[in-house]
Amino acid sequence: MKKNKNFYLSFILPILILLITCLLVIGSSPLFQTNSWVDSNAMLTMGRGVLHGLTPYKDLMDQRGPLLYLIFGMGAAIKETNFFGVFLLQVINVLIVYWVSFKIVKDMKTTKIKEQWLALLGPLSLLATSTFQLSGSPEEFAFTSVLYLLFVVNHYRQDVIDVPLYVFYLLGLNLSLIFWNKYSMVGVFVAFFIWTFILFIYKKKFFPLVKVILASVAGFLTLSILISIWFVWKGALGDLFQIYFVQNLTSYGSTNQSILMKVWSLLFIIGKEISNHYIVVLIIFSGWVRMIFQAKKVSLEVILFLFSLLFVALQHTEAVYYNLIWMPFFGVALIRLASAAIENVNQTNTHRSKYLPIYMMLSISLVILPFINNTTLGQLIVRGERVSYANKTLDAQARFTTIMLKKNKKPTLLMINSLDQGFYLSTQTLPTTKFFHRLNMTYEQLPVMYESFINDMDTKKVDFVIVKLNTQPLNDEVGLKKQIDASIDAHLRMALENNYQVKATAKDAGNESFVLLYKK
């Protein structure tokens, strides 16, 4: 009993360090009254809508996965007026990453350092690189499931035949967690299950394969059925499939390129993924080399990694935070290399002692190098309520909120040329229209959204329309009108001009400026 007590007490200091790191790195986002990351604002607005009985895809339109709305809805249930509730869920996610990392470290049977300390490298691989650019992203929560898969792969020495059925059930469940979060991230699980299927067939284990399939499907359906039942109850199952699957699949990445050009495009994006994070890739590769020198299998993990890169590229763009989905490989490599370096540092024989400085420098650099790669850390730390160390301010939200609340205690508004920029949160209002902000789709890709904007403005359904400018707003009326026209889709210009007039302008960080228009 005393041994167990001491075991749990030994976690206090590492977890305290981890919580402080969370506060510094991801705490900056929740502590903003209005978040500077657009996607997080949109997700919290969707989550707040769910909390108040609105249904995604039916009452509020956004194209991300329903599980992400549930997460932000839970965060809103904890704290609706800012991102504190979401922050708590992010911290819980980081603690789960720490727990999985601890299990990975235990498998390595290190003797020269406590597993509790070495396991910190897992969460650091989530938080430390520049891929952690968008706090609360789908990739941040999917990171945990991918890391769990890597734990399973390495725990059973990359021999999937030995994986028990209950673990296949858990893998199926983790696949569904990613699938209903953002299905374009499922590459690593797709590769794993294809590998499993082929291996069982090759070894002629047909009946065990049937059991594996049933267990995995059962895990996947556990969450999928619950989500389907909820949308059936809300009368929105058709909306879910139309938007989350059909609209996303037909709108994003559709091109008229030849097959050869599409292949070259994918290779180019994969090259960008690697070149933009070459330090991370070098560490991952070094971890594999270490495994090979120890005569351990590594082929399955390499294939999983390549599939992760491919599925990011299949999104036809290389947004920085997309790459967070393959950072679990980085976490595993960090743990491997740090474990090996520490073991070598503690060798006392003469042959090893001359390499002591090298091993010590390697151990230290494995922690420092990822943070060097993260160029956004200076922007994440909070200084005051609306200003970061990078001096990114959110003045427009505060200024426009004051103006809107003077006109109406519950103002209604519309963002017609950008995603939600935090104005719904700052005014503590919910959207009153299905299309409350402009998704990243053109008129040709989603005409119904633009027609909805036109109808809402023609009928003056909303009190305010907010237009985002990427230049400093001009002081003269004619010049400002030209800026507004240049910023919005041509189909919206007449409805906006006929029904709304400029009320105020304000500037946020960088070149982001906004125009507030009030109904005539």
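Atoms CD and CG, from Q483 and N470 in turn, are 10.5 Å apart once rounded to the nearest 0.5 Å. Atom CZ of F141 sits about 9.0 Å away from atom CG of L67, to the nearest 0.5 Å. Distance check: I178 CD1 to S184 OG gives 10.5 Å after rounding to the nearest 0.5 Å. Remark: I454 CD1 to N498 CG distance equals 11.5 Å, nearest 0.5 Å. We find the NE2-CZ distance between H437 and F423 to be 14.0 Å, quoted to the nearest 0.5 Å. Atom CG of L54 sits about 4.5 Å away from atom CG of L60, to the nearest 0.5 Å.
With hydrogens and angles ignored, the 3.5 Å screen pairs no side-chain donor or acceptor of N93 with any backbone N or O of T144. Between the side chain of N455 and the backbone N or O of E451 there is no donor-acceptor pair closer than 3.5 Å. Side-chain atoms of K461 never come within 3.5 Å of backbone atoms of T433 as a donor-acceptor pair (strictly under, hydrogens ignored). Between the side chain of E140 and the main chain of G136, a donor-acceptor pair closer than 3.5 Å is present. A donor-acceptor pair is defined here as one N or O able to donate and one able to accept, closer than 3.5 Å; such a pair exists between the side chain of T412 and the backbone of D463. For K58 (side chain) and L237 (main-chain N/O), no donor-acceptor pair under 3.5 Å exists by modelled atom type. Here the side chain of E139 pairs no donor or acceptor atom with the backbone of F132 at under 3.5 angstrom. Between the side chain of Q397 and the backbone N or O of Q421, at least one donor-acceptor pair lies under 3.5 Å. With hydrogens and angles ignored, the 3.5 Å screen pairs a side-chain donor or acceptor of Y424 with a backbone N or O of L413. The closest donor-acceptor contact from the side chain of T129 to the backbone of S125 lies at 3.5 Å or more, if one exists at all.
Considering only heavy atoms from C-beta on, Y322 stays 4.5 Å or farther from E273 through its side chain. Put simply, the side chain of V332 reaches to within 4.5 Å of the side chain of L147, judged on heavy atoms. Within the 4.5 Å cutoff, the side chain of L496 has heavy atoms near those of the I416 side chain. Between D62 and L439 the shortest side-chain heavy-atom distance falls below 4.5 Å. Taking the side chain as every heavy atom from C-beta outward, F307 and F311 approach each other to under 4.5 Å. Under the 4.5 Å side-chain criterion, counting only non-hydrogen atoms from C-beta, Q315 is in contact with K182. Put simply, the side chain of M415 does not reach to within 4.5 Å of the side chain of L419, judged on heavy atoms. Counting heavy atoms from C-beta outward, V448 and F435 have side chains that approach closer than 4.5 Å.
Other residues, nucleotides and ligands contribute at most 12 non-hydrogen atoms within 6.0 Å of the NZ atom of K503. Heavy atoms of other residues, nucleotides or ligands lying less than 6.0 angstrom from CD of E477 number 12 at most. For NZ of K482, the number of neighbouring non-hydrogen atoms (other residues, nucleotides, ligands) closer than 6.0 Å is 12 at most. Heavy-atom neighbours of K409 NZ from other residues, nucleotides or ligands within 6.0 Å: at or below the threshold of 12. When the shell of 6.0 Å around CG of D476 is examined, it contains more than 12 heavy atoms from other residues, nucleotides or ligands.
Considering all non-hydrogen atoms of both residues, P66 and I227 come closest at CG-CG2, 4.2 Å. Minimum interatomic distance between S224 and F220 (heavy atoms only, all atoms of both residues): OG-O, 2.8 Å. The two atoms that bring S130 and V320 nearest to each other are O-CG1, 3.2 Å, heavy atoms only. Scanning all heavy atoms of the two residues, the minimum distance from N499 to A495 falls at ND2-O, 2.8 Å. When all heavy atoms of L405 and P411 are compared, the pair lying nearest together is CD2-CD, 3.8 Å. Listed here is the closest heavy atom pair of Y500 and K520: O-CE, 3.5 Å.
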Residues L44, R48; criterion side chain to side chain contact (heavy atoms under 4.5 Å, CB included); working and verdict: CA-CA 6 Å; L44 188 57; R48 291 172 60 231; 4.1 Å; yes

Assess whether side chain to side chain contact (heavy atoms under 4.5 Å, CB included) is satisfied between L266 and L314, documenting all intermediate values. CA-CA 7 Å; L266 288 177; L314 286 172; 3.8 Å; yes

Assess whether side chain to side chain contact (heavy atoms under 4.5 Å, CB included) is satisfied between M43 and S137, documenting all intermediate values. CA-CA 9 Å; M43 292 303 94; S137 69; over 6 Å; no

Audit row: F143, V100, side chain to side chain contact (heavy atoms under 4.5 Å, CB included) steps and yes/no: CA-CA 11 Å; F143 182 101; V100 177; over 6 Å; no

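Checked by atom type, the side-chain pair N323/T131 shows no donor-acceptor distance below 3.5 Å. Under the 3.5 Å distance criterion, with hydrogens and angles disregarded, no donor-acceptor pair is assigned to the side chains of N417 and S487.
Taking the six-membered ring for Trp and the full ring otherwise, Y69 and Y57 have centroids separated by under 6.0 Å. In this structure, F245 has its ring center under 6.0 Å from that of F179. A distance of 6.0 Å or more separates the ring centres of F241 and F231.
In this structure, K407 is not positioned above the aromatic face of F464 in the sense of NZ or CZ being under 6.0 Å from the six-membered ring centre and within 45° of the axis.
Under the side-chain contact (heavy atoms from CB on, under 4.5 Å) test applied with F192, the options I303, L171, L150 reduce to a single match, L171.
Shown here are the ring-ring contact (aromatic ring centres under 6.0 Å, His included) partners of Y443, two or more places apart in sequence or in another chain: Y450, H491.
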